[in-house]
Amino acid sequence: MAVERTLSIVKPDAVAGNHIGDIYNRFETAGLQIIAARMLHLSQDQAEGFYAVHRERPFFGDLVKFMTSGPVMVQVLEGEDAIRKNREIMGATNPAEAAAGTIRHDLAETLDANAVHGSDAPETAREEIAFFFGDDELHSRG
Ligand code: RTP
Ligand code: MG
């Protein structure tokens with residue numbers, strides 16, 4: 001299995017709920033190393049740009065409003081099969097449908113406030129990592 005990188009965001013609900021450490025522990029326990037991280041409060045422009053793929057969707061306005069409602073933690077995870085593994089740890093998009101033991105089942109309440117984001121494919125992972133981090137900010141430890 002190939003070593004991959006993926007972009008993860010701890011969303012405003014999970015930062016407000018003091019779940020950063022819990023979520024980081026799940027990543028590291030699963031063999032995903034945190035090779036870059038930053039806390040920031042997304043601007044309207046940043047949130048709209050990051051989620052541009054969803055611009056035409058009916059939930060776009062609510063998504064941008066929620067993602068700009070408070071600080072987030074943005075991180076790059078590296079490890080074998082990182083993109084799929086991260087999404088497995090996250091659980092289904094809707095917390096009500098997420099499997100027991102996943103982040104969204106354990107720590108999230110609603111479809112909007114669903115605790116985490118994770119890239120969904122290699123190309124989107126590359127784009128999303130470059131959206132937040134330069135190559136010199138990725139501290140891969142091999
Ligand atoms: P994410 O991008 O945040 O990792 O989540 P995802 O791939 O599981 O879900 P995606 O389809 O990419 O949707 C992005 C975020 O938009 C919100 N959403 N709301 N009201 C709705 O029907 C709806 N569908 C999606 C969720 O917060 C989702 O995480
Ligand atoms: Mg998505």
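Throughout, numbering of the chain's residues begins at 1 and tracks the sequence. Bear in mind the structure is a predicted one, so any value in this text is a computation, not a measurement. Every number for a ligand or one of its atoms is a count from 1 in the order of the listing.
Of the protein's heavy atoms, Phe59 CE1, 3.4 Å lies nearest to atom 16 (O) of ligand 1. The protein heavy-atom contact nearest to atom 8 (O) of ligand 1 is Thr93 OG1, 2.4 Å.
Taking every heavy atom of Arg104 and a limit of under 4.0 angstrom, the matching atoms of ligand 1 come to 1 (P), 3 (O), 4 (O), 5 (O), 8 (O), 29 (O). Residue contact check: Tyr51 has heavy atoms under 4.0 Å from atoms 3 (O) of ligand 1. Near Gly118, with a cut-off below 4.0 Å to any heavy atom, the atoms of ligand 1 are 4 (O). Below 4.0 Å from some heavy atom of Met90 lie the following atoms of ligand 1, by number and element: 4 (O). The Asn114 neighbourhood of ligand 1 comprises atoms 26 (C), 27 (O), 28 (C), 29 (O), with distances under 4.0 Å to a heavy atom of that residue.
Looking at Glu88 and Lys85, no side-chain N of the basic residue comes within less than 4.0 Å of a carboxylate O on the acidic one, giving no salt bridge. One finds a salt bridge joining Arg84 and Asp81 here, because a Lys/Arg side-chain nitrogen approaches an Asp/Glu carboxylate oxygen to under 4.0 Å.
Within the 4.5 Å cutoff, no side-chain heavy atoms of Lys11 are placed close to those of Met73. Counting only heavy atoms from C-beta outward, the side chains of Asp120 and Arg87 approach each other to under 4.5 Å.
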Should Arg38 and Glu137 be marked as a salt bridge (charged side-chain N to carboxylate O under 4.0 Å, His left out) after you check the CA-CA gap, both sets of side-chain angles, and the distance that decides it? CA-CA 10 Å; Arg38 183 184 305 138; Glu137 295 177 294; 2.9 Å; yes
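Using modelled atom types and a 3.5 Å distance limit, the side chains of His117 and Glu128 yield a donor-acceptor pair. Side-chain polar atoms of Gln44 and Thr68 form no donor-acceptor pair below 3.5 angstrom.
Any N or O atom pair closer than 3.5 Å counts here, and Leu63 shares no such pair with ligand 1. Remark: ligand 1 and His117 share an N or O pair separated by less than 3.5 Å (distance only, no angle test).
Remark: side-chain polar atoms of Arg104 are paired, donor with acceptor, to backbone N or O of Gly91 under 3.5 angstrom.
When the heavy atoms of Lys11, Glu128, His54 are ranked by distance to atom 3 (O) of ligand 1, first place goes to Lys11.
For the pair Leu111 and ligand 1, a heavy-atom separation below 4.0 Å is found.
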